[in-house]
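One structure is given here, and the rest of the page talks about it.
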Amino acid sequence: MFVLGLPYAILHGGYLGLFLIIFAAVVCCYTGKILIACLYEENEDGEIVRVRDSYVDIANACCTPRFPKLGGRIVNVAQIIELVMTCILYVVVSGNLMYNSFPSLPISQKSWSIIATAVLLPCAFLKNLKSVSKFSLLCTLAHFVINVLVIAYCLSRARDWAWDKVKFYIDVKKFPISIGIIVFSYTSQIFLPSLEGNMQNPKEFHCMMNWTHIAACILKGLFALVAYLTWADETKEVITDNLPSTIRAVVNLFLVAKALLSYPLPFFAAVEVLERSLFQEGSRSFFPNCYGGDGRLKSWGLTLRCALVVFTLLMAIYVPHFALLMGLTGSLTGAGLCFLLPSLFHLKLLWRQLQWHHVFFDVSIFVIGSICSISGFVHSLEGLIEAFRYNVED
């Protein structure tokens with residue numbers, strides 16, 4: 001979904017933006033591999049065995065013995081922020097797209113967001129990933145249609161592409177926001193331990209990571225470049241806002257469908273993290289178990305799920321700046337989960353087994369990730385403050 005913001009990154013970064021799309025893919029692929037390496041240890045027989053199951057387990061192992069639960073709690077907070085902010089962005093983009101598709105209707109962007117949330121309320125009743133996967137399948141189908149329509153229009157205007165507009169310099173004030181947008185489009189680390197654990201042949205994990213990141217890098221780079229060449233300096237935060245009204249209405253309807261169908265996965269994942277950390281830790285849990293003895297969700301537990309959906313709506317209404325919010329999220333939690341923590345955990349858990357170039361890569365990624373995270377967060381925050389101060393519309 002966040003590929004829609006990549007042409008906006010090219011607008012403020014030029015060729016450096018394209019380089020960053022490639023660089024982020026390489027680094028995210030590497031940090032994904034080292035994160036999975038932290039799940040394994042060598043046993044007494046010299047065999048590599050899986051001794052941990054999740055990102056939280058890795059974090060807890062790094063903080064043992066002094067603070068055995070601190071690392072897991074930090075990762076849980078980061079995951080919840082990442083997932084909930086993703087849900088908020090889906091509501092924001094639904095309202096934005098519907099408002100720009102039907103500007104003649106007397107319905108504001110906030111009202112469209114409320115309508116989208118009403119459609120999403122049944123997500124509170126989701127029980128397992130099997131039901132979520134059905135929505136994801138439909139989401140993928142919508143994605144193919146969107147790509148074909150946008151790229152076809154851009155290719156139809158290939159004669160007018162503005163190659164001279166692609167800059168070698170950057171907008172120092174706005175490009176750090178683009179860093180967050182690009183990073184957020186690659187975030188997958190929180191799902192990797194579970195994904196690797198469920199593969200029929202986990203030994204193929206590295207091969208899978210290589211090919212998926214190569215494909216993602218090529219497709220995102222081409223999409224961002226082709227879209228920017230088509231509209232150049234008129235490129236907007238959400239690229240579909242540049243399309244002619246007739247095509248935009250069709251594409252935006254598919255995008256809204258994609259956003260609504262994408263919402264259940266991060267929502268369900270966020271609910272699972274919250275329930276596991278707050279309601280299902282036995283005597284150590286902060287609140288009573290939200291499930292009854294028969295395994296059914298209690299009524300107050302369902303109410304809390306509905307409240308989470310409403311919370312995403314309230315955030316979408318009061319912070320309706322798509323690219324700025326995406327940059328803020330990517331800089332805060334995306335960089336942490338993708339760059340900082342994997343490299344830190346790798347150094348901590350496997351220090352004795354690492355060669356000098358692995359140490360160099362880990363330290364370099366940690367330093368560069370810290371700089372990008374702080375810079376992108378500060379500039380995104382400044383952008384949000386400026387947008388509210390001067391009442392800037394999307």
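This is a predicted model, so every value here is computed, not measured. Sequential numbering from 1 along the given sequence is applied to the chain's residues.
- Using a 4.5 Å heavy-atom cutoff, the side chains of C28 and F339 are in contact.
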| query | Given the rule in the side-chain contact (heavy atoms from CB on, under 4.5 Å) test, do L89 and V93 qualify, once you have shown the distances and angles that lead to the verdict? | reply | CA-CA 6 Å; L89 290 173; V93 78; over 6 Å; no
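- Scored by the salt bridge (Lys or Arg N to Asp or Glu O under 4.0 Å) test, E41 finds R52 as partners (sequence neighbours excluded).
- For OH of Y30, the number of neighbouring non-hydrogen atoms (other residues, nucleotides, ligands) closer than 6.0 Å is greater than 12.
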| task | Assess whether side-chain contact (heavy atoms from CB on, under 4.5 Å) is satisfied between Y263 and T312, documenting all intermediate values. | result | CA-CA 11 Å; Y263 185 97; T312 61; 3.0 Å; yes
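- At least one side-chain heavy atom of L253 sits under 4.5 Å from a side-chain heavy atom of F102.
- Listed for the N242 side chain is no donor-acceptor partner under 3.5 Å among the backbone atoms of W231.
- Applying the side-chain hydrogen bond (donor to acceptor under 3.5 Å, both in side chains) test to pairs two or more places apart or on separate chains, those with a residue in residues 336-349 are H346-D362.
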| task | Take F205 and I36 through the test side-chain contact (heavy atoms from CB on, under 4.5 Å) and record every step on the way to the result. | result | CA-CA 9 Å; F205 177 80; I36 296 304; 3.3 Å; yes
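- Formation of a donor-acceptor pair under 3.5 Å by the N60 side chain with backbone atoms of G72 is found in this model.
- Atoms CG and CD1, from L350 and I34 in turn, are 9.0 Å apart once rounded to the nearest 0.5 Å.
- D233 meets the salt bridge (Lys or Arg N to Asp or Glu O under 4.0 Å) test with K165; sequence neighbours excluded.
- Side-chain polar atoms of S133 and S136 form no donor-acceptor pair below 3.5 angstrom.
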| task | Report the C-alpha distance between V51 and L39 in whole Å, list the side-chain angles of each, state the deciding distance to 0.1 Å, and finish with yes or no for side-chain contact (heavy atoms from CB on, under 4.5 Å). | result | CA-CA 6 Å; V51 295; L39 297 173; over 6 Å; no
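- Counting heavy atoms of neighbouring residues, nucleotides and ligands inside a 6.0 Å radius, atom CZ of F67 does not exceed 12 of them.
- For the pair K220 and Y186, the cation-pi criterion (under 6.0 Å, within 45° of the ring axis) is fulfilled.
- Atom CZ of F223 has more than 12 neighbouring heavy atoms from other residues, nucleotides or ligands inside a 6.0 Å radius.
- You'll find the side chain of I182 stays beyond 4.5 Å of the side chain of F23, heavy atoms only.
- With a 4.5 Å cut-off on side-chain heavy atoms, N201 and E204 count as touching.
- Heavy-atom neighbours of E234 CD from other residues, nucleotides or ligands within 6.0 Å: at or below the threshold of 12.
- Within the structure, salt bridge (charged side-chain N to carboxylate O under 4.0 Å, His left out) contacts touching residues 190-202 (residues at least two apart or in different chains) are R50-E196.
- Judged by distance alone, the side chain of S111 and the main-chain N or O of I107 form no donor-acceptor pair under 3.5 Å.
- Counting heavy atoms from C-beta outward, F135 and C123 have side chains that stay 4.5 Å or more apart.
- For Y153, the OH atom counts as densely surrounded, since its 6.0 Å shell holds more than 12 non-hydrogen atoms of other residues, nucleotides or ligands.
- Checked by atom type and distance alone, the side chain of Y55 pairs as donor or acceptor with a backbone atom of L337 at under 3.5 Å.
- Using modelled atom types and a 3.5 Å distance limit, the side chains of N210 and K33 yield a donor-acceptor pair.
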Just distance, no hydrogens or angles: give the donor-acceptor pairs under 3.5 Å from side chains in residues 351-359, sequence neighbours left out.
none

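- With hydrogens and angles ignored, the 3.5 Å screen pairs no side-chain donor or acceptor of D45 with any backbone N or O of E47.
- Using modelled atom types and a 3.5 Å distance limit, the side chains of W161 and T230 yield a donor-acceptor pair.
- Side-chain contact check for C62 versus L344: every heavy-atom pair is 4.5 Å or farther apart.
- Side chains of I146 and K258 form a contact here, defined as non-hydrogen atoms less than 4.5 Å apart.
- Residues V250 and L243 fail the side-chain proximity criterion, which asks for heavy atoms closer than 4.5 Å.
- Evaluation of the salt bridge (charged side-chain N to carboxylate O under 4.0 Å, His left out) test over residues 137-164, restricted to residues two or more places apart or in two chains, returns none.
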